[in-house]
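Remarks on the structure that follows.
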Amino acid sequence: MTTSRTRVLLHPDFTVGAVDRRLFGSFVEHLGRAVYTGIHEPGHPTSDDHGFRRDVADLTRELGVTTVRYPGGNFVSNYRWEDAVGPVEQRKPFLDLAWRTVEPNLVGTDEFLQWAEREGIEPMMAVNLGTRGVEEAVALLEYCNGDAGTRWADLRIANGRAQPYGVKLWCLGNEMDGPWQIGHKDAHEYGKLARNAGAAMKLVDPTIELVACGSSSMQMDTFGEWERTVLEYTYDLVDHISMHAYYEEVDGDRASFLGSGTAMHRFIERVVASTDAVGAQRRSDKRITISFDEWNVWYLQTRFPGEENLPIQRDAPRIIEDVYSGLDAVVVGDLLVTLLNHADRVPVACLAQLVNVIAPIMTEPGGEAWRQPTFHPFATTARLARGAALDLRVTTPTLTTKAHGEVPAVTAAATLADGAVALFLTNRSPEPVEVELAHLGAALEVAVGWSMTADHEPAVAGPEHAEKVAARHWGTFDVAGRVSGAAGSATTTVTLPPESWTALSGTLTPA
Ligand SMILES: O=[N+]([O-])c1ccc(O[C@@H]2O[C@@H](CO)[C@H](O)[C@H]2O)cc1
């Protein structure tokens, strides 16, 4: 078979697994303006009776976010949750060491969980295993999920919330392998603590799902060994292991940046291998799945000065408010293609983060809220990807990249639910590519298509730039002009613009 052609083979009977709705999660940390002047801003013209911005909540709904992780991130590793419940006027500010910011504690567990509930979002909570341990983790779980008649559940009730929140997903700390983490631990120290905290938490509520901390990135020196050691302590207890990954364009190396999805794919394969190796040695039939609870484009190496170089600030400072381009949006779309192709092992993922902090949604205090270019591929994928992810066979030339070696020129993912098909395709090459979709006798009808094309201009802060990128690089396209295939034929052809991400929606019915 020639490799100069790109061919995607799909059939309704070949599936990877069900797409868990939690794959379209996001993340709100007490960091910069994610909470204050992000989701929460009393006095804003759109704010509700609880002081939360309606404009941001509406964009969050449009984004299609299903799950939100809270309250951190690095922040959680020095957080005292008890200081942010009860009467707001009695709460005291504290100096958050993770981001060197004075945290006013105006939004805490109740405010967040009630916001999530009002917005139809499933919360995902993290406990502090940096400066704290088993006792505080158990107390927080009891506060959230306990029935009346015990100390912490009764405190919640006294604070005005009778019904337990029933929070299902719990992260056992955050990035405990990272030297930057407050209360950083080695794998043995963390593994033991996670096991002890998790076991105690399951005694409070056996229905919860637990996430053990995996590596902060594939580049960590301890990567692999960390997963193995942590799971030796926690394999029988936890449901998921976390993965975090941020990608960026370094030194103008566009090809490597566009190939980020392949780096993410390899990272997932390696974590699955490390995890399954522990299971194999234990002769366990249990499969640990992945909570990819931080992923995004983040100009971490090139624009972020490092936590230790941040001055001590207060009043919701602007920290890591990355501004995104059309190129960044193409990469975000492609990272979602990778996640969908691993639907069998990745049921939970969080775009880090939701508002203002490396986020698809931006706000001005007292002003408007707007969509960054990365908003569009996420919202479209969250809306269209339903049912089962299809097990595609993709034949495509490779591109040579400095950072990842050979990467596929075209990547593809597809989902199918009751005959409704969605296809997601990325063309990483600087040339247009004609893709042959071979559907093996099944009938494919494409009704609507959207594409995001990469730009070459530097991203500029503010809504005008975001709107300009959306106007020039994003939108639906004329399906008849780009997709062809005679009725009843076994193949359909679609043309992908250079450096682009495309979504197609239609029907796929067996012959
Ligand atoms: O690779 N690094 O140098 C690196 C440094 C910090 C880092 O922090 C993570 O990303 C932050 C922003 O989402 C979250 O609070 C934290 O969990 C994640 C990775």
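Every number for a ligand or one of its atoms is a count from 1 in the order of the listing. Residues take their numbers from the sequence shown, with the count starting at 1.
Side-chain contact annotation: T401 with R428, donor-acceptor N/O pair under 3.5 Å absent. Side-chain contact of H265 with H342: a donor-acceptor pair under 3.5 Å is present, judged by distance alone. Y190 and H184 are not linked by any side-chain donor-acceptor pair at a separation below 3.5 angstrom, with hydrogens and angles left out of the test. There is a side-chain donor-acceptor pair under 3.5 Å between D334 and T411.
Among all protein heavy atoms, the one lying closest to atom 19 (C) of ligand 1 is W180 CZ2, 3.7 Å. Among all protein heavy atoms, the one lying closest to atom 7 (C) of ligand 1 is E175 OE1, 3.3 Å. The closest protein non-hydrogen atom to atom 16 (C) of ligand 1 is N74 OD1, 3.2 Å.
Inclusion of S216 in the set of residues having an N or O under 3.5 Å from an N or O of ligand 1 is not warranted. Residue contacts with ligand 1: S217 is placed with no nitrogen or oxygen under 3.5 Å of a nitrogen or oxygen of the ligand (distance criterion only). Considering backbone and side-chain N/O of E307, none are found under 3.5 Å from N/O of ligand 1. For ligand 1, one of its N or O atoms has an N or O atom of E294 under 3.5 Å away. An N or O contact shorter than 3.5 Å is missing between W99 and ligand 1 by distance. Looking at ligand 1, you won't find any N or O of W298 less than 3.5 Å from one of its N or O atoms.
Classification of the F24-F378 ring pair by plane angle, with boundaries at 30° and 60°, yields perpendicular.
Salt bridge annotation for R54-E119: present, with a cationic side-chain nitrogen under 4.0 angstrom from a carboxylate oxygen. Taking a cutoff of 4.0 Å between a charged side-chain nitrogen and a carboxylate oxygen, R228 and E225 qualify as a salt bridge. Look at K202 and D236 and you find no salt bridge, because none of the NZ, NE, NH1 or NH2 atoms lies under 4.0 Å from a carboxylate O. A salt bridge between K468 and E457 is absent, with no side-chain N of the basic residue lying under 4.0 Å from a carboxylate O of the acidic one.
With a 4.0 Å cut-off on non-hydrogen atoms, Q219 does not touch ligand 1 at all.
Residue L300 has at least one heavy-atom neighbour below 4.0 Å for each of these atoms of ligand 1: 1 (O), 2 (N), 3 (O), 4 (C). Less than 4.0 angstrom separates some heavy atom of G73 from each of these atoms of ligand 1: 14 (C), 15 (O), 17 (O). When each atom of ligand 1 is checked for a heavy atom of Y246 under 4.0 Å away, the hits are 10 (O), 12 (C), 13 (O). In summary, the atoms of ligand 1 found under 4.0 Å from a heavy atom of F27, numbered by their order in the structure, are 13 (O). The ligand atoms of ligand 1 that sit less than 4.0 angstrom from a heavy atom of E29 are 14 (C), 15 (O).
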Salt bridge (charged side-chain N to carboxylate O under 4.0 Å, His left out) between D251 and K402, intermediate numbers included: CA-CA 11 Å; D251 296 333; K402 209 166 111 191; 5.2 Å; no

